[in-house]
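Working notes for the structure below.
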Amino acid sequence: MGDSILDFLGSEIVGIISPVSICMVLVVLLVKVLEIEVSDTVLTSVASLIYSEDSTDSDWTKFLGALINAGVFVLVVTVVTFLLVLLFYYRCTKCLRIYTALGAFTVLAYMGGSIAVMLIQELELPIDVITASIILYNFAVVGVLSVFFCRVPILVTQGYLVLVGTLVAFWFTSLPEWTTWVLLVAISLYDIIAVLTPGGPLNMLVQLAMTRDEEIPALIYEARPRIASGGRSTHLLRPRAHATRENQESLPMLNGDNAEELQRRIWKRRSTVTNEGNDSGWTFESLYAPLIERKEESRESAASSQIMSIMNSSVQEQGNTQFASQETMNEENPNVNAIDFVSEDVDGNTDTVEQSERTLLHQKASIQGLTAANLMDGRVLTDQKGNPGARDNSEVMQQHETLHQQTASMRALSAVNGTDMRMSSNQQENSDEESSIDDDEGIGLGASGAIKLGLGDFIFYSVLVGRAALFDMTTVYSSYMAIITGLGATLGLLAVWRRALPALPISIGLGLVFYFLTRFLMEPFILQFGGNLVFI
Amino acid sequence: MALAAGIGYTLLALGPAFALFVSVIAAKPLLVLFVLTSALIWLVSLIILSAFWRAFLPIGSSWLLVLLLVTCVSFQELIRPVFWFSYKKLEGLLNALAQRMSKPELKYYETMQIALAGGLGHGIAHAVFFCLSLLTPSFGKATFYVDSCKQMPLFLVAAMLSLSFLIIHTFSMIVAFNGYDDGKRSLVVFAPAMHFAAAFLSLVNLFQGGCMVGVPLVLVCAVGVICYCGKIVWAKVGDQDTAISMSNRANILS
């Protein structure tokens with residue numbers, strides 16, 4: 001039924017849980033299929049520069065070695081993030097974007113390639129080298145283009161982002177065991193410090209992006225909310241489309257064939273009100289933001305509007321949106337980023353599409369700001385090729401760290417983005433009796449805007465689950481449940497606190513706790529029952 | 001045979017759950033969240049139980065096993081009213097939200113859908129931890145028979161038992177919700193009773209050759225739960241229909 005409350009709540013949360021779950025499932029599958037390769041591969045990376053774990057070492061040596069490794073890793077990540085902030089401060093967004101694109105290409109081509117080779121060996125697939133290399137090359141190029149440069153159906157972008165996360169996470173699971181656990185803890189702590197403390201690099205990045213109205217270039221997964229699955233969304237869209245003139249004016253601006261699809265990818269906003277008694281429901285209205293009013297209001301939050309415009313230009317290349325194509329449409333106006341936002345003028349003020357687009361961009365920018373920060377992190381990391389004695393692997397690892405950094409920042413950004421959206425919707429002061437649905441912060445559901453999660457979060461969640469898969473499947477299931485719970489809790493906190501939040505600590509903390517509890521307590525318990533065919 | 005066997009056992013245990021999920025739950029994100037929440041609650045209860053009983057494992061004597069069974073099942077059954085209480089609170093919130101959004105309040109069938117989601121979460125968690133964890137070796141090239149059951153492979157028994165438990169968990173949650181809502185004693189007691197019955201029947205598997213008797217009996221329990229649940233819900237929906245048509249008639253007449 002389309003008119004029950006059950007249909008509307010929680011779709012954003014599910015929209016972010018699904019890709020995280022898919023990424024984790026893929027990593028577990030890869031780990032299970034390639035198990036032999038994983039345990040044999042000695043991963044040379046920054047994370048094992050100093051100490052290479054040996055199974056013959058004593059526990060204490062292993063622990064110390066792991067600590068040193070994790071410390072080195074976090075140090076490198078910190079330094080690179082600061083570099084990222086510096087570069088962002090000096091507005092080198094173009095080079096940052098291109099750098100991230102190169103990094104993504106490397107991940108897809110090289111890491112994807114090695115994993116593909118391992119899979120072909122393991123599964124004994126009959127394929128020749130020429131075909132394989134052509135396919136791989138195309139795969140990598142399409143991935144980079146879809147994430148950063150071109151406008152493609154959002155599923156493609158999301159799919160490639162999930163794939164990038166999967167590849168990096170699979171690579172990281174081949175780190176030695178103790179190093180992995182200590183690294184996860186260290187990265188979560190770093191995340192808290194970087195995002196929440198005033199001097200933290202990610203925090204500074206976010207502030208910079210907000211004050212400048214710029215987008216942070218980063219790899220961020222964006223979960224676009226859909227109104228309803230299938231054709232229902234069109235139903236909801238149609239009445240609205242006919243309801244206001246403005247909509248119809250703006251609609252033609254969108255590419256004809258993509259219009260409908262674009263409408264579906266609209267950010268969910270608070271219901272803004274329409275006094276037109278449109279009964280298509282709050283979702284539709286909430287999808288269409290009265291950007292005009294926001295534009296004026298957002299002047300107050302200069303950050304958002306500024307971020308929007310700047311971010312749009314930089315973000316477009318970030319590739320987490322398909323705004324790039326729109327950009328080509330309006331070269332002179334860097335803020336024009338029409339596509340996914342359709343402005344709806346609630347009070348009947350007519351506005352040009354361009355202007356509405358701008359406002360759209362503005363809003364987008366604020367959200368993007370955070371993600372940009374993340375990307376910047378990543379970019380700086382990848383820029384840093386001055387790793388002495390860098391081998392291919394370590395460079396690749398650098399990029400991993402970059403991506404991971406990016407994801408960290410992206411996470412933060414997503415949290416902020418969500419909040420920014422709320423803040424801008426709050427500012428809108430239409431004297432509308434049907435006031436916005438702002439009660440959902442209380443339960444953290446139905447939050448405004450699309451939720452953005454940095455790719456680094458994907459990666460580290462999947463690393464935890466992948467490492468659990470190397471032990472047994474029970475640990476996989478319980479760490480999966482724990483991570484999802486942590487993610488839900490973080491989203492709830494996001495709804496309450498309205499600021500950039502690190503998504504790693506709660507999930508990783510819960511995941512680790514559940515992993516060790518399951519490994520040492522539950523495993524024998526279940527074996528006791530299952531082995532005797534007694535079920536409770 | 002290997003991959004097919006593994007997938008076969010998995011589908012045997014989780015096929016109905018998957019079908020229920022795709023047809024009823026996947027369309028509504030809130031129900032998905034309910035499934036995840038109840039799975040988490042079940043998992044936490046299992047961890048607490050295993051933490052408590054860890055010191056006593058492995059269990060040799062069968063009396064201790066019976067005690068273990070009793071404590072575990074009672075603990076899980078205690079969680080059911082807790083689940084129902086928190087659902088009630090959430091229902092208040094949801095209805096308030098529905099009013100603000102000018103949406104209709106939660107109807108009966110939606111409450112039942114939420115109950116289904118809750119029970120399904122329990123059932124899936126149970127199936128995953130008790131069956132899927134055992135099934136990992138079945139993806140390999142051989143099979144395995146337990147000493148006490150030479151007629152059926154371990155995996156088959158585990159799959160069938162977890163299928164019946166999944167059904168029991170899912171539908172007894174619906175029965176329990178109905179019971180708590182209406183305050184009917186018989187319904188409230190039904191869920192724990194069937195759970196205990198099924199658990200004790202699975203004890204039959206301990207005997208030599210007992211699985212030939214135990215597994216069908218547990219399956220019978222599951223069928224019993226479904227029929228009872230169907231009967232209850234059918235009656236209630238019928239009552240509501242009658243009530244609605246009566247009030248309509250009254251409106252027309254007046």
Side-chain angles (χ1 to χ4, degrees), chain A residues 1 3-15 17-18 32 225 228-230 271 279 281-283 434-435 437-440 442-443 445-446 472-478 480-482 484-485 488 513-514 517-518 520-536, chain B residues 27-33 36 39-40 43 46-47 49-51 53-54 57-59 65 69 72-73 76 93-94 96-98 100-107 110 113-114 125-126 128-134 136 146 148-149 154 157-158 161-162 165 198-199 202-203 205-206 211 214 218:
Chain A
M1 310 297 146
D3 59 347
S4 156
I5 189 140
L6 287 182
D7 289 314
F8 295 127
L9 292 179
S11 50
E12 295 96 350
I13 302 188
V14 171
I17 288 182
S18 316
K32 278 291 175 185
S229 54
S271 159
D279 63 346
W282 62 275
T283 45
E434 296 159 62
S435 60
I437 312 296
D438 56 343
D439 49 30
D440 35 28
I443 46 183
L445 299 174
D472 193 33
M473 288 305 272
T474 37
T475 45
V476 169
Y477 303 126
S478 35
Y480 168 78
M481 290 301 319
I484 297 293
T485 311
V513 164
F514 272 61
L517 279 179
T518 309
F520 294 116
L521 291 181
M522 209 162 78
E523 191 81 11
F525 186 74
I526 291 189
L527 286 178
Q528 168 82 35
F529 279 113
N532 289 330
L533 296 179
V534 171
F535 275 58
I536 53 165
Chain B
K28 310 195 177 192
L30 197 62
L31 291 179
V32 175
L33 291 178
L36 287 173
L40 177 75
L43 169 63
L46 194 65
I47 289 186
L49 281 173
S50 59
W53 279 99
R54 177 73 178 94
L57 296 176
I59 297 201
L65 194 62
L69 213 65
C72 293
V73 176
Q76 288 182 355
L93 270 174
L94 285 176
L97 195 62
R100 284 168 77 165
M101 288 199 224
S102 18
K103 292 249 155 284
E105 291 200 348
L106 284 176
K107 303 196 191 69
E110 285 163 353
Q113 276 178 340
I114 294 182
H126 182 283
V128 158
F129 282 98
F130 278 89
C131 179
L132 284 195
S133 49
L134 290 177
T136 320
V146 190
S148 60
C149 186
L154 166 71
V157 178
L161 281 179
S162 69
F165 269 90
S202 72
L203 273 179
N205 290 330
L206 283 176
C211 54
V218 178

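Sequence lines set the chain letters: A, B, ... in the order given, protein chains first and strands last, and positions in each chain run from 1.
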Point to revise | Interatomic distance, A:I484 atom CD1 to B:L36 atom CG [nearest 0.5 angstrom] | key: 6.5 Å

Revision key, fill the gap. Hits for side-chain contact (heavy atoms from CB on, under 4.5 Å) against B:L154, two or more places apart or cross-chain, chain-then-number order -> A:L533, B:F144, B:V146

Check your understanding: For B:F129, is it the side chain, the backbone, both, or neither that has a heavy atom closer than 4.5 Å to a heavy atom of chain A?
Key -> both

Revision key, fill the gap. Output for pair (A:M522 CE, B:L46 CG), nearest 0.5 Å, gives 5.0 Å

Check your understanding: Contact part of A:S478 toward chain B, heavy-atom cut-off under 4.5 Å: side chain, backbone, both or neither?
Key -> both

Review point. Which residue out of B:L49, B:L132, B:L31 racks up the most heavy-atom pairs below 4.5 Å with chain A?
Key: B:L132

**Study point:** Minimum heavy-atom distance B:R54-A:L521, with the two atoms named
**Key:** CG-CD2, 3.6 Å

Practice item. With sequence neighbours excluded, tell me which residues meet side-chain hydrogen bond (donor to acceptor under 3.5 Å, both in side chains) with A:T474. Key: A:D472, A:E523

Check your understanding: Highest number of heavy-atom pairs under 4.5 Å with chain A: which of B:V218, B:L134, B:I47?
Key -> B:I47

Study note, to complete from the structure: CG (B:L43) and OH (A:Y480) are apart, to the nearest 0.5 Å, by 12.5 Å

**Study point:** When B:L203, B:V32, B:T136, B:V128 are compared by non-hydrogen pairs under 4.5 Å with chain A, the top option
**Key:** B:V128

Revision key, fill the gap. Of B:A125, B:G214, B:A158, the largest count of non-hydrogen pairs under 4.5 angstrom with chain A goes to B:A158

